[in-house]
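Start at 1 and go down the list; that is how both ligands and their atoms are numbered.
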Amino acid sequence: MKVAIIGTGYVGLPTGAGLASLGHDVTCIDCDHEKVERLSAGKVTLFEEGLEELLKSGLDSGRLTFTDSMEQGVRGARVVMLAVGTPENPNTGEANLDYLFAAVKQLAQCLEDPAVVAIKSTVPVATGDQVEALIHKTNSKARVEVISLPEFLREGYAVHDFFHPNRIVVGTQCREARALIRELYAPMEPSPKMLFVSRRSSEAIKYASNAFLAMKIHYINEMADFCEVVHADVHEVALGMGEDARIGSAFLKPGPGYGGSCFPKDTKALLHMAYKHGVELSLVRSTISGNVKRRELMAQKILDAAKDISCPRIAVWGLAFKEGTDDCRESPAIGIVQHLIKRSGVTVTAYDPKAMDNARKLLGNSVTYAPDKESAAQGADVLAILTEWPEFAEADMKQVQKLMASSARVIDCRFLAKS
Ligand code: NAD
């Protein structure tokens with residue numbers, strides 16, 4: 001099947017490469033010409049385990065191509081997926097749909113053949129209606145069915161999750177569109193669970209899921225604070241809770257709070273959407289504010305560990321918002337570092353196995369960047385572990401302590417280090 005994907009970011013690229021490996025003829029379209037050139041040459045533009053191999057095999061097979069031309073990319077496509085960013089509007093907290101609507105307008109002008117337009121981007125409920133109207137307004141001859149096909153992949157596991165989705169939610173009442181999406185995923189082994197729902201329900205499922213997971217993270221972080229004062233072990237508590245099938249063990253790991261390009265913006269967008277309709281989502285609201293406070297709390301813990309030192313040197317391990325990715329968008333580690341460097345006299349030396357380039361874009365010259373974790377720790381008064389990379393969990397902390405200043409302390413915000 002010929003498929004076009006608009007947007008080759010963290011969602012579009014693994015999806016495109018994955019669909020090509022299932023035997024489809026995929027063209028990925030991106031307005032970023034440099035990205036298109038790099039990807040066409042087999043160079044990945046973001047880090048995800050297994051993505052480079054998948055990209056290369058797609059290019060070699062001739063089933064995966066990249067272009068910056070919308071017209072060329074969508075020609076003959078039976079399914080066109082929209083996977084452009086829907087970032088937060090910093091003034092209101094709502095989802096900014098400018099990129100989506102710009103892409104839809106360009107797409108509408110090029111649509112000659114009948115197609116299913118699948119919205120993979122995370123969009124507010126009823127955006128499908130707006131996209132449909134915009135396509136018909138731009139091109140009255142367009143023959144399209146607009147559906148919602150939200151993405152649930154986890155960054156750091158994008159390739160794995162493409163091939164092993166726990167469910168594929170398809171939001172449309174159109175029988176032909178449902179059949180086409182079933183055909184699209186038919187080569188997948190084992191065959192994925194597909195849920196067919198209305199377009200609006202599908203749009204809402206994505207927000208409801210992300211907000212629930214964010215709330216679970218916030219909940220266990222609050223439990224961590226509680227356990228600390230009552231001298232209980234939050235890990236044992238999480239284990240005991242997670243064994244209950246009604247609760248489940250995922251997302252019960254205490255830490256510096258959630259981050260990344262989805263949970264922070266999606267919780268705010270959901271709150272905003274509900275508020276506009278007169279509904280107060282108090283749990284989501286307190287999750288958002290609790291997550292902000294969590295970063296301040298972690299930064300304070302790190303600073304407290306250095307309170308007797310006049311100009312403390314703080315080593316930071318981890319800048320990505322979680323392990324397995326180079327993505328620093330809304331990373332708790334970046335937020336914590338920003339709190340630390342606000343204090344006069346504090347200097348930070350940071351290291352991350354994959355996210356240094358992205359971190360540099362956010363932190364600039366405000367910190368020193370170390371080539372490895374040992375160099376970061378060298379001479380430090382405090383070591384803060386902010387991302388759960390396996391290489392930090394596996395580090396010999398006794399050796400690391402020897403590199404640090406004499407009375408140095410380790411603040412393990414991810415609860416990784418062996419004592
Ligand atoms: P991203 O910023 O990594 O990538 C978006 C890409 O779209 C960029 O390469 C950009 O150049 C391109 N683009 C923008 N406008 C375009 C246009 N008019 N034509 C062609 N290309 C255009 O974004 P992402 O992280 O992949 O997220 C995409 C969507 O998927 C968002 O709505 C996000 O909320 C949702 N989502 C993301 C994840 C994730 O883990 N990142 C998971 C689930 C859902």
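- Sorted by first then second residue, the salt bridge (charged side-chain N to carboxylate O under 4.0 Å, His left out) pairs that include residues 351-374, not counting sequence neighbours, are Asp357-Arg360, Lys373-Glu391.
- The protein non-hydrogen atom at the shortest distance from atom 5 (C) of ligand 1 is Gly85 N, 3.7 Å.
- The nearest protein atom to atom 7 (O) of ligand 1, hydrogens excluded, is given as Gly7 CA, 3.3 Å; this is a heavy-atom distance.
- Scanning all protein heavy atoms for the shortest distance to atom 29 (C) of ligand 1 gives Val84 O, 3.3 Å.
- Considering backbone and side-chain N/O atoms, Glu151 never comes within less than 3.5 Å of an N/O atom of ligand 1.
- The neighbour count for Glu49 CD, taken as heavy atoms of other residues, nucleotides or ligands under 6.0 Å away, does not exceed 12.
- At the shortest separation from atom 44 (C) of ligand 1 among protein heavy atoms lies Thr122 OG1, 3.5 Å.
- Near Lys206, the atoms of ligand 1 lying under 4.0 angstrom from a non-hydrogen atom of the residue are 43 (C).
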Could you walk me through whether His218 and Glu222 pass the side-chain hydrogen bond (donor to acceptor under 3.5 Å, both in side chains) test, one step at a time?
CA-CA 6 Å; His218 175 55; Glu222 285 200 331; 3.3 Å; yes

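- Looking at ligand 1, you won't find any N or O of Tyr99 less than 3.5 Å from one of its N or O atoms.
- Near Lys265, meaning under 4.0 Å from any of its heavy atoms, are these atoms of ligand 1: 33 (C), 34 (O).
- When only non-hydrogen protein atoms are considered, atom 11 (O) of ligand 1 lies nearest to Asp30 OD1, 2.6 Å.
- The protein atom (non-hydrogen) at minimum distance from atom 17 (C) of ligand 1 is Cys31 SG, 3.8 Å.
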